[in-house]
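Each chain gets a letter, A, B and so on, in the order the sequences are listed, and its residues count up from 1.
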Amino acid sequence: MKIYEYVIRRLILMVFVLLGVSALVFYLARGFPTGIAPWAPYIHPKMTAEDIAEVKRIHGFDQPLHIQYFYWLRDILHGDWGRTGIWAQGRPANEVFLSHFPYTVELSVAAIILTVAIGLPLGIISALKNNKLPDHVSRIIALTGYSTPSYWFGFILQLVFFYYFTIWGLPHLPSSGASGMEGMVARVTGMPVLDGLLAGNLPYTIDALKHLILPAFSLAFLSLGFLARIVRASMLEVMRQDYITLARSKGLKERVVIYRHALKNALIPAVTLTGIFFAALLGGAMITEYVFAWPGVGQLSLRAVFQGDSNFLLVYTLVIAAVIVTANLVVDVAYVFLDPRIKY
Amino acid sequence: MGLLMKLGGIVTVLFGIVFTLAGAYGLAGGTGITFTINERVVSAQEGGIVFLIVGIIMLLGGIAMTYVARAARLMPERPERGEWAARWADLKYTLHLLRKNPLVMAGSMIAIFFVALSLLANLIVDPNLAVPTGYPEFEHSYPFQRKFMWPKHSVINWGPGVRLYEGPEQFYLGTDNWGRDLLKMIILAIPVDVENAVIVTVLAATFGTLIGALAGYVGGVVEEAVLRITDIFFAFPALVLALVFAAMFGRTLPTLRLALLLVWWPPYVRLMRGQILSEKQKGYVEALRGLGAGHLRILFRHIIPNSIYPILVQATLDFGGVILTFSALMFLGFSPSPSLPELGNLAASGYEHIFEAPWLIIFPGLTMLIIALAFNLVGDGLRDVLDPKLRR
């Protein structure tokens, strides 16, 4: 099978996965008469009963659930994602999503940079000193990372770096929000740090970075353990290969063997994993955003769950699912380029 | 040996038949008849049910015994014992390897401690203390007047703005938003979390393993369908699915368990399918087929036992994850009752008061971290030890 045939096959499958995801969420979110009725945001007090019936008829809300799904599909294909409830001022769901998505992207990018910067060296050290003290230490750090309740870690960071640093009179970090100088620079990308850089406003950028540190580290701490363990495992695997023995027997320095010969191949799973992590962080930042009052889509989706707002939830899950599925595809294709032994 | 078992089986079956008939007779015809045993009035129907159950158990037991006896006679005895001896030796070797790893030992000690604590928690602490009726001195209500308080003579100083308690009682970890002793609440919360994690992990692992084994063994359309369904679940951020499910089906413990189950089963399917695919090609499966073994026998008696280790490792690692996700759901507000002692729920009660009562979040979270870490240490060590490449 050629690579493009494989990609096309996967893209077709992707459509079905997305349909499955949306059908599942649609059934869960619309099948139960709790929360905001999906037609409620279209209605204002001056409407007559006929007007309301007309709204319901146009969007198919008067039909059985499985037929409603196809009405919904028709609507989103026309770009109408439905409206959110009062909690988001009844704006179109996709507009609400898009205006907050950059914040989540910024947080995830920062978290993934921290994950790689800390997790990678940790994994390499672990593998090289296998079953010695550094391995045990890095193992504990890694395992603590994924045994930590995410909200708990967020609170600890807030408590120490905001509350206690303030009490002790140390320079402290802000505990919540994405920026303390909202509206100082023009909104171009929607990401505070990037906007500040684009506008050339240094204080704004530094303030945005300060706001970013705690949530990003809190998020990274949970995933760097996974990365470290994967790097360690693949490094151990590579170090057992014959070509490493050959390189050593040629008399190369251990440093050269490790960094030039072993690391290159050991990093292949790490690179691909980072892609999957990024996608997972986009969808998994919910609790961290909640704790740090970060204005991203994760926090909004949490509010949508509690408000019972099916329209926003559908946009959210569908976009996040699309990102995750695409990331998986990109990673699988990237494998072919990174590792010439793999063929599809 | 075989003959004795067979005889015993037949006798048990006969007794079982008699008991079942007697029970059915009592149940059907015993309306209105009562008799007294040890000063307790028992209706004939109640007795009938007991007889019926005992009879059915005896019937099934007897049938199983005769079956085992027949199998023991038909199958040569040596290889059977040899297999179990080999599995036992393998297990002993695994334990030996595990014992050499200090982290695994520490992890399993802590894990065993918490499991034991969760079994004994309701004996150590009176479970009534979690509800208002547990406080008779406060006229059947929570001791609200001492909420968010920290013992005055404690080593830890939380800084300004913290209310200190100077009464006769000793609260080692302070009090919560109802005035309950946080340490006692944490002890009561551990069994709730551990029980949930056990139920969810065991069910998810069993369900996922069976589906995955079926998919891998049957192949074809079934496999494709199962894989595509797991694809859908993998495309979700785990917490979102659980949240939506819990939000729609209400806030009860069974719903939350089901929501977690929905999230945790797909990885087992993939894991097991991969195992089955590699196991299926091995010589022993072909040999079994040649001997005329049935599909079910090959799958359940040979392939699954041979590929169960990665599942065990995954389940151990997932245990901590389930506790964390479960408590996260509770923390976000899906608790069936705000007074339920559960680690995430306890932490949630401190959410608004993080700076005036930090212990309310710190200690429940720390407990969760320690439990999850202990199980992850064991799982991580198991994975290393069971990896055939690293094993020698």
What part of [X] lies closer than 4.5 angstrom to a heavy atom of chain B: side chain, backbone, both or neither?
X: Y290(A); result: both
X: L313(A); result: side chain
X: V325(A); result: side chain
X: I287(A); result: side chain
X: F153(A); result: neither
X: S301(A); result: neither

So [Y] and [X], do their side chains get closer than 4.5 Å, heavy atoms only?
X: Q275(B); Y: P310(B); value: yes
X: Q299(A); Y: T104(A); value: no
X: F306(A); Y: F334(B); value: yes
X: F245(B); Y: T255(B); value: yes
X: F312(A); Y: Q307(A); value: no
X: L317(B); Y: R383(B); value: yes

Using a 3.5 Å cut-off and no angle test, enumerate the donor-acceptor pairs between side-chain atoms of residues 14-25 of chain A and protein atoms at least two apart in sequence or in another chain.
| from | atom 1 | to | atom 2 | distance (Å) |
| --- | --- | --- | --- | --- |
| S22(A) | OG | L18(A) | O | 3.1 |
| S22(A) | OG | L19(A) | O | 2.9 |
| S22(A) | OG | Y69(A) | OH | 2.7 |

If only side-chain N and O atoms count, and only distance matters, is there a donor-acceptor pair under 3.5 Å linking S349(B) with D176(B)? no

Please classify the contact between [X] and chain A as side chain, backbone, both or neither, with a heavy-atom cut-off of under 4.5 Å.
X: L377(B); value: both
X: F375(B); value: neither
X: I371(B); value: neither
X: I370(B); value: neither
X: A347(B); value: side chain

With a 6.0 Å cut-off (strictly less than), is the heavy-atom count around CZ of F165(A), excluding the residue itself, greater than 12?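 Enclosed: over 12 neighbouring heavy atoms sit under 6.0 Å from CZ of F165(A).
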
Select, from V291(A), L302(A), L282(A), I156(A), the one with the greatest count of heavy-atom pairs under 4.5 Å involving chain B. L302(A)

What option among T317(A), I324(A), L13(A), L143(A) has the most heavy-atom pairs under 4.5 Å with chain B?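 If we count pairs closer than 4.5 Å to chain B, L143(A) comes out on top.
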
Considering only heavy atoms and a distance below 4.5 Å, find which of L324(B), V240(B), D231(B) pairs most often with chain A. L324(B)

Using a cut-off of under 4.5 Å on heavy-atom pairs, state which of L239(B), N101(B), L243(B) scores highest against chain A.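 Ranked by contacts with chain A, first place is L243(B).
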
W152(A) vs F331(B), ring-ring contact (aromatic ring centres under 6.0 Å, His included): CA-CA, chis, key distance, verdict: CA-CA 10 Å; W152(A) 181 75; F331(B) 176 77; over 10 Å; no

Just checking heavy atoms, which of residues 353-363 of chain B are less than 4.5 Å from chain A?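 I354(B), F355(B), P358(B), I361(B), I362(B) fall under the 4.5 Å cut-off.
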
Between K132(A) and D135(A), is there a salt bridge with N-O shorter than 4.0 Å?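 Judged by the 4.0 Å cut-off on N to carboxylate O distance, D135(A) and K132(A) do not form a salt bridge.
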
Once you measure the plane-to-plane angle for W168(A) and Y164(A), does it fall in the parallel (<30°), tilted (30-60°) or perpendicular (>60°) bin? parallel

Matching residue for R10(A) among N328(A), T326(A), D332(A) - test: side-chain hydrogen bond (donor to acceptor under 3.5 Å, both in side chains): D332(A)

